[in-house]
Amino acid sequence: QVQLVESGGGLVQTGSSLRLSCEVSGFPLNDYHIGWFRHVPGKEREGVSCISSRDGPTYYHDSVKGRFTISRDNARNAVTLQMNSLKPEDTAVYYCAADLRPMYSYCSRDDWQYTKWGQGTQVTVSS
């Protein structure tokens with residue numbers, strides 16, 4: 001059974017760090033693209049970062065470049081999103097997702113490409 005489970009969210013102050021984890025099961029992690037997205041009520045879901053299969057390229061939204069780092073731990077079957085220097089505008093529900101029918105060799109920032117989603121984890125950054 002394909003499953004993605006996020007963890008690591010919480011309430012932190014501006015400038016703090018959080019490490020989100022997406023543990024996957026039911027498919028070989030290294031063979032598929034994984035993305036992190038975030039959603040704020042009233043706004044469209046936004047692609048934050050993604051990591052391509054087999055150590056392919058990564059992507060970061062302009063607003064998180066230099067602050068967030070995505071990485072893959074194949075031994076743990078997990079993808080992590082290290083978030084540093086957090087800002088109030090980073091407040092959102094964060095979701096990880098797997099592209100299980102990849103069209104390209106690189107991951108996409110577009111949510112429609114992703115076929116399996118986790119339940120989300122809340123990140124709140126206070127000012």
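All values derive from a computational prediction rather than experimental measurement.
Of the inter-residue distances, the one linking Thr121 atom OG1 with Leu18 atom CG reads 8.5 Å to the nearest 0.5 angstrom. Atom-to-atom distance recorded for Phe68:CZ and Asn84:CG is 8.5 Å, nearest 0.5 angstrom. A distance of 12.0 Å separates CZ in Arg38 from CD in Gln122, rounded to the nearest 0.5 Å. Thr124 OG1 to Leu86 CG: the interatomic distance, rounded to the nearest 0.5 Å, is 10.5 Å.
Here the side chain of Ser52 pairs a donor or acceptor atom with the backbone of Pro57 at under 3.5 angstrom. Side chain of His39 to main chain of Lys43: a donor-acceptor pair is present (N/O by atom type, distance under 3.5 Å, no hydrogens or angles). Remark: side-chain polar atoms of Ser108 are not paired, donor with acceptor, to backbone N or O of Gln113 under 3.5 angstrom. Distance alone, capped at 3.5 Å, is enough to place a donor-acceptor pair between the Tyr60 side chain and the Ile70 backbone.
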*Applying side-chain contact (heavy atoms from CB on, under 4.5 Å), run through Ser63 and Lys87 and close with a yes or a no.*
CA-CA 10 Å; Ser63 65; Lys87 305 175 181 180; over 6 Å; no
_Assess the residue pair Phe27 and Leu100 against the criterion (side-chain contact (heavy atoms from CB on, under 4.5 Å)); give the C-alpha distance rounded to whole Å, side-chain angles, the decisive distance to 0.1 Å, and a yes or no._
CA-CA 9 Å; Phe27 65 95; Leu100 299 180; 3.9 Å; yes
*Audit row: Gln119, Val5, side-chain contact (heavy atoms from CB on, under 4.5 Å) steps and yes/no*: CA-CA 7 Å; Gln119 83 288 349; Val5 179; 4.2 Å; yes
*Taking it one step at a time, do Ser71 and Gln82 satisfy side-chain contact (heavy atoms from CB on, under 4.5 Å)?*
CA-CA 8 Å; Ser71 60; Gln82 178 67 42; over 6 Å; no
*Carefully, step by step, assess Asp31 and Ser53 under the rule side-chain hydrogen bond (donor to acceptor under 3.5 Å, both in side chains).*
CA-CA 5 Å; Asp31 290 351; Ser53 63; over 6 Å; no
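Residues Arg54 and Ser105 form no side-chain contact, since every pair of their non-hydrogen atoms from C-beta on lies 4.5 Å or further apart. Considering only heavy atoms from C-beta on, Gln13 stays 4.5 Å or farther from Val125 through its side chain. Contact check for Arg19 versus Leu81: no side-chain heavy atoms found under the 4.5 Å cut-off. Contact annotation: the side chain of Asn77 never approaches that of Glu23 to less than 4.5 Å [non-hydrogen atoms, C-beta and beyond].
In the hydrophobic clustering of ILVMFWY residues, with side-chain heavy atoms under 4.5 Å counting as a link, Tyr59 and Val64 come out apart.
Screening residues 72-116 for disulfide (SG to SG under 2.5 Å), with sequence neighbours left out, gives Cys22-Cys96, Cys50-Cys107. Residue pairs meeting the salt bridge (Lys or Arg N to Asp or Glu O under 4.0 Å) criterion with at least one member in residues 104-127, sequence neighbours excluded: Arg45-Asp111.
Minimum interatomic distance between Tyr32 and Asp99 (heavy atoms only, all atoms of both residues): CD2-O, 3.3 Å. The minimum heavy-atom distance between Leu29 and Ile34, with the atom names listed, is CD1-CG1, 3.7 Å. Here the closest non-hydrogen pair linking Val40 and Ala92 is CG2-CB, 3.7 Å.
A side chain to side chain contact (heavy atoms under 4.5 Å, CB included) with Val79 is found for exactly one of Asn74, Ile51, Leu20, namely Ile51. Each of Tyr94, Trp36, Trp117 was checked for a side chain to side chain contact (heavy atoms under 4.5 Å, CB included) with Glu6, and the lone residue meeting it is Trp36.
When ring centroids are compared, Phe37 and Tyr114 come within the 6.0 Å threshold.
A salt bridge is defined here as a Lys NZ or Arg NE, NH1 or NH2 lying under 4.0 Å from an Asp or Glu carboxylate O, and Asp90 with Arg67 meets this definition.
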